[in-house]
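This report concerns only the one structure given below.
Computed over heavy atoms, backbone and side chain alike; hydrogens, waters and symmetry mates excluded. Note that the numbering runs from 1 along the sequence shown for the chain. Counting starts at 1 for both ligands and their atoms, following the listed order.
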Amino acid sequence: MDMAPLIDPFARPIRYLRVSVTDRCDFRCTYCMAEHMTFLPKADLLTLEELDRLCSGFIGLGVRKLRVTGGEPLVRRGILSFFQAMGRHLQSGALEELTLTTNGSQLARFAGDLAGCGVRRVNVSLDTLDPAKFAEITRWGRLPQVLEGIAAAKAAGLRVKINAVALKGFNEVELFGLVDWCAAEGHDLTFIEVMPMGDMEDRLAQYWPLSDLRARLAERFTLTDLAERTGGPARYLRLEETGQKIGLITPLTHNFCESCNRVRLTCTGELFPCLGQEQATDLRAPLRASADPAVLEDAIRAAIAKKPKGHDFDYSRQRVAGQMTRHMSHTGG
Ligand code: SAM
Ligand code: SF4
């Protein structure tokens, strides 16, 4: 087998795979899902064994960082066995990092076991610390359960990063509340601009540009831009007064594509080489057609060869251009 690492047509090495293990979720965040969702039939989903084969294939081709997402990854039945399976790549040194993005609802139950599999960090999505607003934005979520999960993660020794979607007129008033809470708890904090995914609500009305959020932070703190980049859409700044590092994910106000090192795999085995483009390659068919790793490898290489230069999101001219019809929960945010 040719073990040359994956390099896309724009000379970007592919080191980072985000894998969505389910499209289901126990929440219904308004910017992510409709209240009444039709989920995929079970037969369409990759089994946990198939997910193992696929992810191991990518790791064999040079992927060093694996992020498990969804839907809500921790509601997938048997998911711990998948984390255990991926843990073997950490032990062998093939994988540098195994991590997940979760809504936190099941963390109280899973945090210790995840740490045991070699997970060191977890991203928890939390947009507000107000229980009523939390119930409003997640529709089905309950804040105390999530806070308990976050506390369990911390107790298990996992580093926690809070991801908050910046929502105009919703959590604007909590900007400093969230910053202060994260400082007190020792959590990292990243804000995400709302993206034009799905088809439910008017994203423009919810759009709070992070340039504005940054200006608000600057009213209270001295900000220093940090040079570090992760190959993804996040930029970091430091609040000099507290030493806190704040991430800003601005897919719409900054073009981050030039350093993109990542691809996304859906729970049905479609590979999206770019979050903002519709083209995908089906890897489930070759996976199910043959047990030969070489067949899978060829399919992965062919998919990476189609990675586009950049995405098409654009909120300018007060309309949402490049709007995606699929939901974030399908591709895995
Ligand atoms: N259920 C898990 C969670 O909520 O963390 C993982 C999947 S969720 C789709 C991943 C991330 O995508 C979350 O941080 C969520 O806030 C974010 N997200 C969902 N829809 C979004 C949108 N329209 N714009 C920006 N971020 C979005
Ligand atoms: Fe579920 Fe995460 Fe989407 Fe919220 S953002 S509905 S928690 S998948």
Side-chain angles (χ1 to χ4, degrees), residues 18-37 39-40 67-76 79 99-107 110 114 121-128 133-143 145-146 149-150 153 160-168 170-171 178 187-210 213 232-234 247-253 256 262 264-267 272 275-276 311 313 315 320 322-333:
R18 296 175 79 104
V19 55
S20 172
V21 295
T22 177
D23 62 331
R24 285 157 206 258
C25 187
D26 52 347
F27 290 4
R28 291 288 182 277
C29 303
T30 56
Y31 47 74
C32 178
M33 289 194 186
E35 184 152 19
H36 302 287
M37 294 283 290
F39 291 108
L40 295 163
R67 175 173 296 281
V68 181
T69 178
E72 173 46 42
L74 298 181
V75 302
R76 169 114 194 214
I79 193 62
T99 164
L100 72 153
T101 300
T102 172
N103 66 23
S105 69
Q106 310 299 316
L107 267 181
F110 282 113
L114 289 170
R121 298 194 303 143
V122 56
N123 287 3
V124 184
S125 304
L126 179 64
D127 306 328
T128 171
K133 281 164 84 173
F134 187 86
E136 179 192 331
I137 198 81
T138 62
R139 291 200 189 97
W140 295 2
R142 296 297 168 259
L143 183 65
Q145 189 182 346
V146 169
I150 293 172
V160 175
K161 188 176 85 172
I162 301 297
N163 279 342
V165 178
L167 296 164
K168 195 181 184 116
F170 181 77
N171 55 8
L178 280 165
H187 304 321
D188 294 325
L189 174 60
T190 287
F191 290 99
I192 311 175
E193 266 175 4
V194 73
M195 287 185 264
M197 310 292 285
D199 52 6
M200 289 75 62
E201 295 201 3
D202 182 6
R203 299 282 153 261
L204 261 180
Q206 294 182 318
Y207 180 48
W208 179 21
L210 293 194
L213 184 151
L248 300 178
I249 299 188
T250 55
L252 302 158
T253 52
F256 55 87
R262 55 193 63 197
R264 292 178 161 75
L265 187 67
T266 70
C267 51
F272 281 90
L275 178 63
H311 67 67
F313 290 148
Y315 275 129
V320 180
Q323 179 144 11
M324 306 294 299
T325 48
R326 73 196 138 81
H327 294 155
M328 196 73 155
S329 53
H330 183 56
T331 5

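At a threshold of 2.8 Å, atom 1 (Fe) of ligand 2 has a backbone or side-chain N, O or S atom of C25 nearer than that distance. Inclusion of C29 in the first shell of atom 4 (Fe) of ligand 2 is supported: an N, O or S atom falls under 2.8 Å.
When the options V160, V124, L178, L126 are evaluated for a side chain to side chain contact (heavy atoms under 4.5 Å, CB included) with H187, the one that passes is V160.
Taking a 4.0 Å cut-off on heavy atoms, G71 registers as neighbouring ligand 2. Distances from ligand 1 to the non-hydrogen atoms of G71 include at least one value under 4.0 Å.
Of all the heavy atoms in K161 and L189, the pair that sits closest is CG-N, 4.2 Å.
For the pair Q206 (side chain) and L167 (backbone), a donor-acceptor distance under 3.5 Å is absent.
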Go through the steps for E72 and T102 under the test side-chain hydrogen bond (donor to acceptor under 3.5 Å, both in side chains), then give the verdict.
CA-CA 6 Å; E72 173 46 42; T102 172; 2.7 Å; yes

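K133 pairs by the salt bridge (Lys or Arg N to Asp or Glu O under 4.0 Å) definition with E174, not counting sequence neighbours. Take R121 and apply the salt bridge (Lys or Arg N to Asp or Glu O under 4.0 Å) test, not counting sequence neighbours, and it matches E97.
The parts of T101 lying near ligand 1 are both backbone and side chain, judged by heavy-atom distances below 4.0 Å. Counting heavy atoms closer than 4.0 Å to ligand 1, residue V124 contributes nothing at all. When non-hydrogen atoms are compared, ligand 1 lies under 4.0 Å from the backbone of V194 as well as from its side chain.
Which parts of ligand 2 touch F27 is read off a 4.0 Å heavy-atom cut-off, strictly below it: atoms 6 (S), 7 (S).
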